[in-house]
Amino acid sequence: MADLIHVLWGRVLTAGQELPPSRIEIARGRIERLEPASGAPDADISVTDGWIAPGLIDLQVNGAGGVDLTSAADPHAALVQVAHTLGARGVTAFCPTIVSSPLETILERIRAYAAQPISGGATSLGAHVEGPFLDPDHSGVHDKNLVRAATQAEVERWLAAGQPAIVTLAPEQSGALEALAQLTRAGVVVSLGHSGASSQAAQAALAAGASMATHLFNAMPPLHHRAPGLVGALLGSHAVLAIIADGVHLDPLIVDLVVQRAGPGRVALVSDALAAAAAPAGASLLGDQTVISDGRSVRRADGTLAGSALLLDGCMRNVRAWLPRLAPAEVVRMATETPAEVLGSRAKGRVAVGADADLIVLDGAWQVRHTIIGGAVVRSAPVQVRR
Ligand SMILES: [Zn+2]
């Protein structure tokens, strides 16, 4: 039986702002009261060095702790294992992400990874289906043989299996705009990525309801001053820009430029974590591909960069270090409220009356000291100090 938390006290980071020291009261898994207080003698947790923040929300997690969510033989067991690894590191909700796969695998994983609470671990917010409707020339580490044109028949099969939270597609590919319309009508977030789209094709998809960018700059042509392409269209739009701030996928200066352009309300930090994250260096699987981690970056044998070896807490610490001009609450927003907003959730990503009691305690060095999910303390695994 997990320990339930009734009262916390400390400085609070929420909605891009730092609240004065406050007493937070939790009941039935929700925040019931939140009020300024100079102290709280009845607090289960008092934070004197650091902050109370919303739990971290990661929109793109392929795996962690040695488990790959696309290929694991038992998807439910894989989901539980990854959820526990994430919970120990401050991530309280996530989108289990699958790379381009045969139809039957996608259907099975959409079902298994449907939105659900997981006892002692991070809540699933529903699957992120990353591919297979991608540009074969920007497929990155996805298996080119599995990348295919979108068809309404395939999307119908997906929607009959369940409700994915996010689908990444390349808008210039055959059938993509029809699939986009079908998915957004069903309430699925469509994110643009793994694409060589022109700015015009990208803008058409944004006008048709695409609302997010998948790992902006990675697996798409760079910004060119005479051919702004997908990157230019996304930067110029109102879409939420997901970025991998692991120190490998993007130069910190690019992260700074993106945040300056779009602001913390439109930038979502994602880990794009692989099985190799929170696991020893060496070989692991991503779908049907073998990838090799050196502990910092993860690549296929041919050198193609795969996802990340870092979880979201580490990405957040990177951004904190790279962009000292940002207030702590602005950094936290990009890993909490902004990703929650992509999915239309007001229950998560905020410390507010009525919101879910998904909270973390950060110490002065931005290490996650406690993770609380639905009002219950999640036991922490040993925390890696590596950024
Ligand atoms: Zn990708």
Side-chain angles (χ1 to χ4, degrees), residues 58-63 68-70 95 97-101 128-150 166-174 176 179-180 189-199 201-202 205-206 210-224 227-235 237 239-251 254-255 257-258 267-274 276-277 286-289 291-293 297-310 315 342:
D58 196 338
L59 301 177
Q60 190 167 358
V61 179
N62 298 285
D68 174 44
L69 288 163
T70 303
C95 290
T97 302
I98 55 176
V99 293
S100 298
S101 298
H128 179 164
V129 182
E130 193 198 6
F133 307 149
L134 308 179
D135 174 3
D137 292 334
H138 294 92
S139 55
V141 78
H142 292 237
D143 184 344
K144 270 191 186 14
N145 298 315
L146 293 169
V147 168
R148 52 191 178 266
I166 302 171
V167 170
T168 293
L169 55 74
E172 76 285 11
Q173 297 295 303
S174 164
L180 189 161
V189 171
V190 173
S191 187
L192 305 181
H194 284 277
S195 158
S198 65
S199 57
L206 290 160
S211 56
M212 179 179 157
T214 294
H215 47 56
L216 184 71
F217 283 103
N218 295 113
M220 57 187 77
L223 182 64
H224 187 285
L230 181 56
V231 171
L234 286 164
L235 283 169
S237 77
V240 169
L241 311 173
I243 56 170
I244 309 172
D246 64 347
V248 175
H249 283 77
L250 295 174
D251 189 279
I254 293 292
V255 173
L257 291 172
V258 171
V267 176
L269 305 184
V270 295
S271 68
D272 199 8
L274 300 176
L286 174 64
D288 60 357
Q289 312 268 308
V291 291
I292 298 142
S293 167
S297 70
V298 189
R299 295 174 188 274
R300 200 160 57 190
D302 66 4
T304 303
L305 192 58
S308 165
L310 206 60
C315 296
V342 170

Legend entry - Point-to-point distance, once rounded to the nearest 0.5 Å, from OG1 of T214 to CD of Q60: 6.0 Å

Legend entry - Test side-chain hydrogen bond (donor to acceptor under 3.5 Å, both in side chains) applied to R299 - qualifying residues, sequence neighbours left out: none

Inset, instruction - Enter the distance from I244:CD1 to N218:CG here, rounded to the nearest 0.5 Å. - result: 5.0 Å

Inset, instruction - List for me each residue that meets ring-ring contact (aromatic ring centres under 6.0 Å, His included) alongside F217, sequence neighbours excluded, and say none if there are none. - result: none

Inset, instruction - Determine whether L169 and L192 make a side-chain contact, defined as any pair of heavy atoms from C-beta on separated by less than 4.5 Å. - result: yes

Inset, instruction - Please tell me if the side chains of L235 and L257 come closer than 4.5 Å, counting only heavy atoms from C-beta onward. - result: no

Legend entry - CG-CG distance between L223 and L230, expressed to the nearest 0.5 angstrom: 10.5 Å

Inset, instruction - Take V141 and V99, measure what side-chain contact (heavy atoms from CB on, under 4.5 Å) needs, and give me the verdict at the end. - result: CA-CA 9 Å; V141 78; V99 293; 5.6 Å; no

Legend entry - Interatomic spacing from CG in L206 to CG in L234 - rounded to 0.5 Å: 5.5 Å

Legend entry - K144 side, atom NZ; D137 side, atom CG - distance, nearest 0.5 Å: 6.5 Å

Legend entry - S293 to A309 - nearest heavy-atom pair and separation: OG-CB, 4.4 Å

Legend entry - Minimum heavy-atom distance M212-A242, with the two atoms named: CE-CB, 4.0 Å

Legend entry - Nearest non-hydrogen partners of G63 and L69, listed with the distance: N-CD1, 4.0 Å

Inset, instruction - Quick one: list whatever passes ring-ring contact (aromatic ring centres under 6.0 Å, His included) with H215, sequence neighbours left out. - result: H194

Inset, instruction - Check whether any side-chain heavy atom of L269 lies under 4.5 Å from a side-chain heavy atom of I243, and answer yes or no. - result: yes

Inset, instruction - Would you kindly say whether E172 and S195 are connected by a side-chain donor-acceptor distance under 3.5 Å? - result: yes

Legend entry - Non-hydrogen side-chain atoms of V248 and S308 separated by less than 4.5 Å: no

Legend entry - pair P132-L146: side-chain heavy atoms closer than 4.5 Å: no

Legend entry - Main-chain N/O of T168 paired to S191 side chain as donor or acceptor, under 3.5 Å: no

Inset, instruction - Return yes if a side-chain donor-acceptor contact under 3.5 Å exists between N62 and D68, otherwise no. - result: no

Inset, instruction - Return the minimal non-hydrogen interatomic distance between I254 and L250, and the atom names on each side. - result: CG2-CD2, 4.2 Å

Inset, instruction - Mind checking the CD-OG spacing from Q289 to S100? Nearest 0.5 Å is all I need. - result: 9.5 Å

Legend entry - Closest non-hydrogen atom pair, P221 against V231: O-CG2, 3.5 Å

Inset, instruction - Examine distances only and state if a side-chain atom of D246 and a backbone atom of L310 form a donor-acceptor pair shorter than 3.5 Å. - result: no

